[in-house]
2 protein chains.
Amino acid sequence: MPTIRDVAREAGVSISTVSLVLRQPHRVSEHTRVRVEEVIRTLNFRPNGTARDLRVRKSGTVGVFLRNLSGPYYSELIGGIEQVATSLCLTPIVCGRSVHEEQGSLRLLRERRIDGAIVLDSGITLRELAQYAGPDLPVVVLNRTLPDPLASTYMTGVKIDDDGGGYQAGKHFIDQGFLHPAVITGPVEAEASQARQRGFFRAYAEHGIASTSVLVIHGDFTEESGAKAMETILNLNLAIDAVFSANDQMALGVLQVLDKHKMRVEQIAVMGFDDISLARYVQPALTTVHQPMFEVGSTAMELLGQAMQGKERIPPRTLATSVVIRSSTPKKPSSP
Amino acid sequence: MPTIRDVAREAGVSISTVSLVLRQPHRVSEHTRVRVEEVIRTLNFRPNGTARDLRVRKSGTVGVFLRNLSGPYYSELIGGIEQVATSLCLTPIVCGRSVHEEQGSLRLLRERRIDGAIVLDSGITLRELAQYAGPDLPVVVLNRTLPDPLASTYMTGVKIDDDGGGYQAGKHFIDQGFLHPAVITGPVEAEASQARQRGFFRAYAEHGIASTSVLVIHGDFTEESGAKAMETILNLNLAIDAVFSANDQMALGVLQVLDKHKMRVEQIAVMGFDDISLARYVQPALTTVHQPMFEVGSTAMELLGQAMQGKERIPPRTLATSVVIRSSTPKKPSSP
DNA sequence: ATTCGAAATCGAAACGATTCGATTCCTCAT
DNA sequence: ATGAGGAATCGAATCGTTTCGATTTCGAAT
């Protein structure tokens, strides 16, 4: 593979001239420029990006770290990131999380092969991120609450308003006339689902219904766990008229169990959270709380861009959710 | 940000010793090793990956180039790639395609910031790829037919057997008793859908039914185009009993139109191609030809790994598909 | 003590670009 | 012809590692 040196020799000019042709063509005379360009073409020379990165101390690349690439709404998120990144002349690269911590993709972050990072992976501790973040490598954390001391100079966050979303869900239930809900929440350690649940209860509290009278079951965000939770609920034989699930996948499990027991959403309504693409397609279509993932992505990239320009202590952002009403929460005939 | 030089000075050893501590700890005495490690920790020194890449002439990174990250089956593909990559101590990074050709993610490929590439994007010409591929940067192309001269020394491919899949689809239709099919195919320039259609017709030809008697309509792979094609077909008022769509998304459009016209798959059966995750969820669940995307990914990564070890002229692979029978192709009551 | 060999450490040369400041080359006005 | 001044080109330092070969150190064997 030819180097800039080969080009220089072949064209009978110095290395610096070749570099100038590449980066600041106006600074070199027409004559030598075409000559050098010709040699570049015949040798099929392409500058070595790594060498350039080393010299100029940046790569024009930002890393997007996801827990796994298979998440249902990542494509939207990435779309938002890409749109802004393009306008900033930055190339986003997406990394999943490989098992080996040492040899994993975090290497790119640790060894500063990238100029910035957007992290959506609850498996990476904020402490670790804070260690990697710096003036030349700011980090934006997604969907997590940054404790104030850790909202460090070079780190900020974007998240959706989980509590508000839960509140909207509760409101919607109440509007539709469901006064005896049950809740399927996520694992205890998942702060997002806790917040969703909290907001949900707040809506009911405002309506004079205490959270103590509402059944809560923990799932683990999977479809199966949602189904299992629903079976449990049905077995208890309580007089409930609706189920709020802390995410859509569990809600899908709920719908399946309902179907299996020949029950309809007119008896027990179902609502999810996230608005994954499937939600629109299942039968009955799932009412859910929409997460504006595209906007999360674009906002994150905007903040990252600012940080890369040198801005420090950027305050975290919280984005509003909205309820998407479909057919799984039909209005209850008003009681007489 | 401290460099290896700072560490050396602080620890009172030479640069080379620090490097040894990092890369070949056994080569340095216990005493200085702990000393150096201590300094590394207190300074929070992390070696600069870019410098290392430049020196050792590789990055331990392979690029995965996708048309857009939102494709329905990419997560499986990437899963397969990641699994093998991990076992090879390689980090896959996923790149979408940004609009600016020059400043886009292909930069990583062109400027050799990666050690290998897997490309699934029909928008990149084979000619261009062939230009970038080389002994230090082999390329595996997905889902494309490599013309023999271009199946270059450093380039190979993995694809699924589109023709075979089409044939399986045709076979299945015939088995179920559908002797009057219509076909919705992709754009003329999409070789994959052409092959699918060809295989489909081959099955019917073997059964004595000529392709000339079968209606073919072109779509553009989108749901809407599938719906539109189906409307057209219905308007023609032909005596058809099944529709084969060259991909699942168009088939979903077909199902919607069927539903809209209060028609059932018992009247006109529907079959897709790809087995996107939605296929299982729609009502009625879509019979389709399954693409083993995980296997495509793992195979691609295996071939890439071999190429990176120096193996040349690796023959392309073709992977078999299989029919997933769901409810959109119910068996026809046998005619008397 | 001396010597030998292995172990530990070090110096310096890469890797392939960019860029600053210096030098050379022109052109034109005097 | 000469000098000034700008344009074009060049040399050399630098980015932060790795690694080869050379040198030093050290303990054990003589």
Side-chain angles (χ1 to χ4, degrees), chain A residues 1-37 39-40 43-61 107-108 110-115 134-137, chain B residues 1-37 39-40 43-61 107-108 110-115 134-137:
Chain A
M1 189 66 47
T3 74
I4 199 175
R5 194 162 256 107
D6 300 317
V7 177
R9 178 160 16 80
E10 194 70 16
V13 297
S14 78
I15 291 179
S16 12
T17 302
V18 178
S19 182
L20 284 180
V21 170
L22 252 33
R23 304 294 157 200
Q24 313 174 47
H26 62 276
R27 296 244 332 238
V28 25
S29 75
E30 170 94 5
H31 174 260
T32 66
R33 186 167 55 73
V34 302
R35 168 95 188 98
V36 170
E37 279 169 350
V39 174
I40 287 180
L43 291 185
N44 187 23
F45 163 78
R46 278 160 292 129
N48 181 314
T50 306
R52 160 159 234 265
D53 290 351
L54 176 60
R55 177 62 229 236
V56 307
R57 313 173 89 137
K58 52 199 180 105
S59 64
T61 296
R107 201 167 55 92
L108 303 182
R110 194 184 318 116
E111 300 178 356
R112 306 195 296 296
R113 250 172 280 242
I114 53 183
D115 295 343
D136 293 327
L137 174 34
Chain B
M1 191 65 50
T3 74
I4 201 175
R5 194 163 256 106
D6 300 317
V7 176
R9 177 162 15 82
E10 194 72 17
V13 297
S14 78
I15 289 179
S16 12
T17 302
V18 178
S19 181
L20 286 180
V21 170
L22 252 32
R23 304 295 159 200
Q24 313 174 46
H26 62 276
R27 295 244 333 236
V28 24
S29 75
E30 169 95 4
H31 176 260
T32 65
R33 187 167 55 72
V34 302
R35 170 94 188 98
V36 170
E37 280 169 349
V39 175
I40 287 179
L43 291 186
N44 187 25
F45 163 78
R46 276 160 293 129
N48 181 313
T50 306
R52 160 159 234 266
D53 290 351
L54 176 60
R55 177 60 230 233
V56 307
R57 315 172 87 140
K58 50 196 179 107
S59 64
T61 296
R107 200 167 55 90
L108 302 182
R110 193 183 321 117
E111 302 178 355
R112 308 196 295 299
R113 251 172 280 242
I114 53 182
D115 295 344
D136 293 327
L137 175 33

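Letters A, B, ... are given to chains in the order of the sequence lines, protein chains preceding strands, and every chain is numbered from 1.
- For B:Arg55, there are no side-chain contact (heavy atoms from CB on, under 4.5 Å) partners, not counting sequence neighbours.
- In this structure, the helix from C:dA1-D:dT30 to C:dT30-D:dA1 shows an angle of 60° between the axis at its start and the axis at its end, each fitted on 5 base pairs and rounded to 10°.
- With sequence neighbours excluded, the residues forming a side chain to side chain donor-acceptor pair (under 3.5 Å) with B:Thr61 are A:Arg107, listed by chain and number.
- With values rounded to the nearest 0.5 angstrom, B:Leu137 atom CG is found 7.5 Å from A:Met1 atom CE.
- On the nucleic acid side, DNA chain D contacts chain B at distances under 4.0 Å to non-hydrogen atoms, with the end points of that region at D:dG16 to D:dT19.
- To the nearest 0.5 Å, the span separating CG on A:Leu22 from CZ on A:Arg52 amounts to 9.0 Å.
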List the atom pairs, with distances to 0.1 Å, where a side-chain N or O of residues 5-21 of chain B and a protein N or O form a donor-acceptor pair under 3.5 Å, not counting sequence neighbours.
| residue | atom | partner | partner atom | Å |
| --- | --- | --- | --- | --- |
| B:Asp6 | OD1 | B:Arg9 | NH2 | 2.9 |
| B:Asp6 | OD2 | B:Thr3 | N | 2.7 |
| B:Ser14 | OG | B:Ser16 | N | 3.4 |
| B:Ser14 | OG | B:Ser16 | OG | 3.1 |
| B:Ser14 | OG | B:Thr17 | N | 3.3 |
| B:Ser14 | OG | B:Thr17 | OG1 | 3.2 |

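- Applying the side chain to side chain donor-acceptor pair (under 3.5 Å) criterion to B:Asp115, with sequence neighbours excluded, gives B:Ser59.
- Heavy-atom minimum distance, B:Arg23 versus B:Pro47: NH2-CG, 3.7 Å.
- For the atom pair CG (B:Asn48) and CG (B:Leu54), the distance works out to 10.0 Å, reported to the nearest 0.5 Å.
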What protein N or O atoms touch nucleotides 5-9 of chain C N or O atoms at under 3.5 angstrom, if any, and at what distances?
| residue | atom | partner | partner atom | Å |
| --- | --- | --- | --- | --- |
| C:dT9 | OP1 | B:Ser29 | OG | 3.2 |
| C:dT9 | OP1 | B:Thr32 | OG1 | 3.4 |
| C:dT9 | OP2 | B:Ser29 | N | 3.1 |
| C:dT9 | OP2 | B:Thr32 | OG1 | 3.1 |

Look for any protein N or O under 3.5 Å of an N or O in nucleotides 12-15 of chain C and output each such pair with its distance, or none.
| residue | atom | partner | partner atom | Å |
| --- | --- | --- | --- | --- |
| C:dA14 | N3 | B:Arg55 | NH1 | 2.9 |

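- Across the protein-nucleic acid pair, A:Leu22 atom CG and C:dT19 atom C1' stand 14 Å apart, rounded to whole Å.
- We find the CD1-CG distance between A:Ile114 and A:Asp53 to be 12.0 Å, quoted to the nearest 0.5 Å.
- Between B:Arg112 atom CZ and C:dG16 atom P there is a gap of 8 Å when expressed in whole angstrom units.
- Applying the side-chain contact (heavy atoms from CB on, under 4.5 Å) criterion to A:Val34, with sequence neighbours excluded, gives A:Glu30.
- A:Arg46 and B:Arg112 make their closest contact through O-NH1, 3.0 Å (heavy atoms, listed as atom of the first residue, atom of the second, distance).
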